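Chain letters run A, B, ... following the sequence lines, proteins first, then strands; residues in each count from 1. From a predicted model like this one, the values you see are computed outputs, not experimental measurements.
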There are 2 protein chains.
Amino acid sequence: MKFESATIKDIAKALNLSTSTVSRALRGSYEISAETKKQVLEYAEKINYRPNPIALSLKERRTRAIGVVVSEIANNFFSQAINGIESIAYNRSYHVIITQSHESAERERVNVEHMAARGVDGLLVSLSSEATDLSYLKELHEKGMPIVFFDRVTNEIQTHKVIADNYLGAFHATEHLIYQGYKKIAHITSSPYLSITKERLDGYKAALEKHKIPFNESLIKHCNHGGMIVEEVEDVLNELYKSKTKPDAIFTAGDRLTIVCFGILKRMKQKKEAGFTGFTNTQVGDLFSPQLTVVRQPAFDIGQTATELLIQIIESRRPVTEFETRTLETSLIIRESSLKKANSAAESGSVQA
Amino acid sequence: MKFESATIKDIAKALNLSTSTVSRALRGSYEISAETKKQVLEYAEKINYRPNPIALSLKERRTRAIGVVVSEIANNFFSQAINGIESIAYNRSYHVIITQSHESAERERVNVEHMAARGVDGLLVSLSSEATDLSYLKELHEKGMPIVFFDRVTNEIQTHKVIADNYLGAFHATEHLIYQGYKKIAHITSSPYLSITKERLDGYKAALEKHKIPFNESLIKHCNHGGMIVEEVEDVLNELYKSKTKPDAIFTAGDRLTIVCFGILKRMKQKKEAGFTGFTNTQVGDLFSPQLTVVRQPAFDIGQTATELLIQIIESRRPVTEFETRTLETSLIIRESSLKKANSAAESGSVQA
DNA sequence: CTGAAAGCGCTAACAA
DNA sequence: TTGTTAGCGCTTTCAG
């Protein structure tokens, strides 16, 4: 149950050369005669020789592989981000290893440690909602593992970060609802540990403040599993609609949360009057009924940017000590779901935010 | 820019033992004194020793990793299948390496060869729509690489296969449209090279035949990129609606194709009368307008089953020569989009197919 | 019970 | 220009 590939040794034996000569010839070293080189190259080609990357990694301590940790690939934002990651990695000839944490800190850690042990050259991570103890990551980073965070980042580790402008995205979404005449805007969001949660909440609050709408704590609801557990979202919505200050609009943070919430509302027939918008990168917001107003993140760009920064660290000769945080713009795509029913035909289109 | 972990050598040196003794102690060999064992284990624990998996792979020729190739993770079917794969792999302590072909034969090949070279213990593959020359896979398989195909399979390689019952799924979907009174049912499908294309087309034909509806070649359209290129789908739809035999219903094969097609139709305002259904594993078919009738594949199960079969091959002592093809049931979930507008309130619900 | 040495495939410093 | 040798981290004969 194994498959031997040709090795440098086979070539050496066949050609009556030493392995080092073959090795050098293969990599086109200048100190090998054209004659020998040609011979080796041809034979290698003939037997379809492929260097063994495992042996190479062992020797060189590098793998030309980048490890990625996201919570869930079945999430529009992440799958688009991953495509961005791959697009850069591919033409810089890095391989991409994708793993999912499923929002579990434990899984996240196992994945990271496995990839580290397997010798990935760097890590692209978007933290899980459970992630609180980051000491293992910190340690890894201190030992020299290049890491770039994207989307869900942390301040505990000094490195590059790439995020969407969650603050402004939330601000504009909320303001849009306000302009529509909504006053009691609920914000349903994810685990308070996540950076994105705070950023979006801040944007939401800022919009309220700007428009002199008092902030009401009871309109903020956390779904710690980010919509992975449907009951959690249902409970939150029930609470919201049972409370004295029933919301007249809902603004959700998070891709999965938005879709799940939208679905439940639809089933609850509660959506009739409530304005609705949320963060999601779904491609099919215009196919829904009502058509969905969304805050869209530049997921592909975020993936690309993060990868560029990571490769930059990986390939840097000297330790990188200057780190930056890149913030990319979101866009608010206005459709039916957020429009006051009176004027629902009006103001539909896409707006930069 | 590197991070040294403790090695067996460090332990040996610290404890004044030989590396072989340490190695044996670590793996609990019976021929090591309890004394020494304890000493080694404790020290290893203390310095948080982790064996280097790269060195292990080099030596043992196995990695406890499974490689996966799918066309696109941003596809409901595949992301669900991957979750199935991971669920099994995880508790059999295999790691899963996910790669995307983006429907390119070239990318597929690069991915497969890279994973093979990296020493994955086995491969789970769903072929890309471009895949025609499978000789490299065949060769790999003959050299002993365990491979299980799922979803998009091939007969060129003798191994386990796990698929949905595409034939019956298509049959029931088509028949459902016929029962609704549709007569000119177009079938929009993917590359003719794919196994699923043929299976679904056959099911479609069989349903027509059963109901004595003549088969009309011009109602069959192939989108060779499976919906990745939107224009391709638009062209096909335009052709369809310009031809003399305008379809009165559309049945699509393929997840992405279904969604893209549905979206275009909606924009074309053509959907008004046309019945519509297709293969897709979207979770949000009921949020669309009109609500979408879908053929749903047991993606998670398919992933699980394929993984179980693969691990079975990997861990089998003797070469496996008996192969099976597992076929899992699809389900037809009937909603608005496929119902004749006259009776659109009627017959809505889920049906096993 | 423990150690020395070889070897997995490859590169590179050092010799020739 | 080419060969010899050591070594990356680990396991495993083979000796002691």
Which of these, B:L58, B:N52, B:L56, sits in a side chain to side chain contact (heavy atoms under 4.5 Å, CB included) with B:I54? B:N52
What integer distance in Å separates A:K13:NZ from D:dG3:P? 15 Å
Which of these nucleotides, D:dG9, C:dC8, C:dC10, is closest to any side-chain atom of A:I8? C:dC10
Side-chain N,O (B:S33) to OP1/OP2 (C:dT2) below 4.0 Å: yes
OP1, OP2 of C:dG7 versus side-chain N and O of A:K9: anything below 4.0 Å? no
Give A:T36 one of three labels, base, sugar-phosphate or nothing, depending on what nucleic acid heavy atoms sit under 4.0 Å from its own. sugar-phosphate
When rounded to whole Å, the OH to P distance for the pair A:Y30 and C:dA12 reads 12 Å
Tell me whether the NZ or CZ atom of A:R107 lies within the 45° cone about the ring axis of B:Y90 and under 6.0 Å from its centre. yes
Mind telling me whether B:F150 and B:F78 have parallel, tilted or perpendicular rings, with 30° and 60° as the class edges? perpendicular
What is the distance, to the nearest angstrom, from the OH atom on A:Y49 to the P atom on C:dT11? 6 Å
So among B:V153, B:L134, B:V70, which one has a side chain to side chain contact (heavy atoms under 4.5 Å, CB included) with B:L127? B:L134
Does A:S18 make a side-chain N or O approach to OP1 or OP2 of D:dG3 shorter than 4.0 Å? yes
Residues from residues 20-27 of chain B sitting under 4.0 Å of DNA chain D, heavy atoms only? B:S20, B:S23, B:R24, B:R27
Tell me the interatomic distance from A:E31, atom CD, to C:dA15, atom P, rounded to whole angstroms. 15 Å
Starting at atom CD of A:E35, determine the distance to atom C1' of D:dT2, rounded to an integer number of angstrom. 14 Å
From CD of A:E60 over to P of D:dG7, roughly how many Å is that when rounded to an integer? 18 Å
Specify the separation, in whole Å, of atom CD1 of A:I11 and atom P of C:dT11. 11 Å
Under 4.0 angstrom, heavy atoms only, what part of the nucleic acid is B:L17 near: base, sugar-phosphate, or nothing? sugar-phosphate
Atom CD1 of A:I54 and atom C1' of C:dT11 are separated, to the nearest Å, by 17 Å
In this structure, which one of B:R50, B:E45, B:K46 forms a side-chain hydrogen bond (donor to acceptor under 3.5 Å, both in side chains) with B:N48? B:R50
Have a look at B:L58 and say if it touches a base, only the backbone sugar-phosphate, or nothing, with a 4.0 Å heavy-atom cut-off. base
Can a side chain N or O of A:K59 be found less than 4.0 Å away from OP1 or OP2 on D:dG9? no
Between A:E324 and A:R326, does at least one N-O distance fall below 4.0 Å, as a salt bridge requires? yes
Identify whether the distance between the nearest side-chain nitrogen and carboxylate oxygen of A:R152 and A:E72 falls below 4.0 Å. no
